[in-house]
Amino acid sequence: KSGWTGANECTFIAVKPDGVQRKLVGEIVRRFERRGFKLVGLKLVKASENLLREHYWDLRTKPFFSGLIMYMSSGPVIAMVWQGSDVVKTVRKMLGETNPADSLPGTIRGDYCVEVGRNVIHGSDSVESAQKEIALWFGQSELQRWEQSSSRWI
Ligand code: RTP
């Protein structure tokens with residue numbers, strides 16, 4: 001458990017297909033880097049419907065579920081893992097509200113989108129979901145832990 005808290009806390013973030021198609025990847029990565037979080041994993045993937053159904057399992061009874069799976073499987077997403085103190089909560093603040101209409105300017109959704117069904121980015125909502133989502137989207141060999149040796153220049 002200690003490996004997942006404090007400065008080692010990690011979260012799962014995905015730039016959704018609309019964000020990739022609108023070329024917002026660089027802008028989004030830049031925000032997390034500048035905030036001071038550390039990039040632990042990153043890949044461009046076309047997620048299978050099975051993976052997405054598992055990812056959004058808690059929403060399976062919602063009326064928008066099948067539309068959500070269609071949207072998320074419509075093109076590649078950028079899947080990422082970021083590490084740092086309070087990264088789960090801080091990233092959720094940086095994303096804004098689920099509905100972009102409720103998101104303040106300065107947040108990613110508040111700056112770049114208007115529709116809940118095209119809201120550009122996903123971020124884990126708790127440390128527990130982050131652990132599940134990281135294990136679902138990434139293999140151990142795809143993740144770099146930031147030991148002292150890999151951050152000796154900062
Ligand atoms: P996410 O998981 O993508 O970060 O979003 P979230 O936690 O802020 O919101 P959640 O309630 O988990 O919903 C997941 C995604 O489903 C889509 N959605 N559509 N009323 C609708 O049409 C509706 N509500 C939610 C959004 O893409 C939302 O991010």
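Both ligands and their constituent atoms are indexed starting at 1 by order of listing. If you're wondering where the values come from, they're calculated on a predicted model, not measured in any experiment.
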With the side chain counted from C-beta on, respond yes when Q144 and K38 share a heavy-atom pair under 4.5 Å apart, and no when they do not. no
When you look at K132 and S124, which way does the side chain to side chain contact (heavy atoms under 4.5 Å, CB included) test go after all the steps? CA-CA 9 Å; K132 275 193 220 147; S124 309; over 6 Å; no
Should the pair K16 and Y71 be classed as cation-pi, given the thresholds of under 6.0 Å to the six-membered ring centre and 45° from the axis? no
Side-chain contact, heavy-atom cut-off 4.5 Å: L136 with H55? yes
Return the protein residues near ligand 1 (heavy atom under 4.0 Å from any of its atoms), ordered by chain and residue number. K16, Y56, L59, F64, L68, R92, T98, R109, V116, N119, H122, G123
Within this structure, what is the CD-OH distance for the pair E133 and Y56, rounded to the nearest 0.5 Å? 8.0 Å
Over 12 foreign heavy atoms within 6.0 Å of NZ, K43: yes
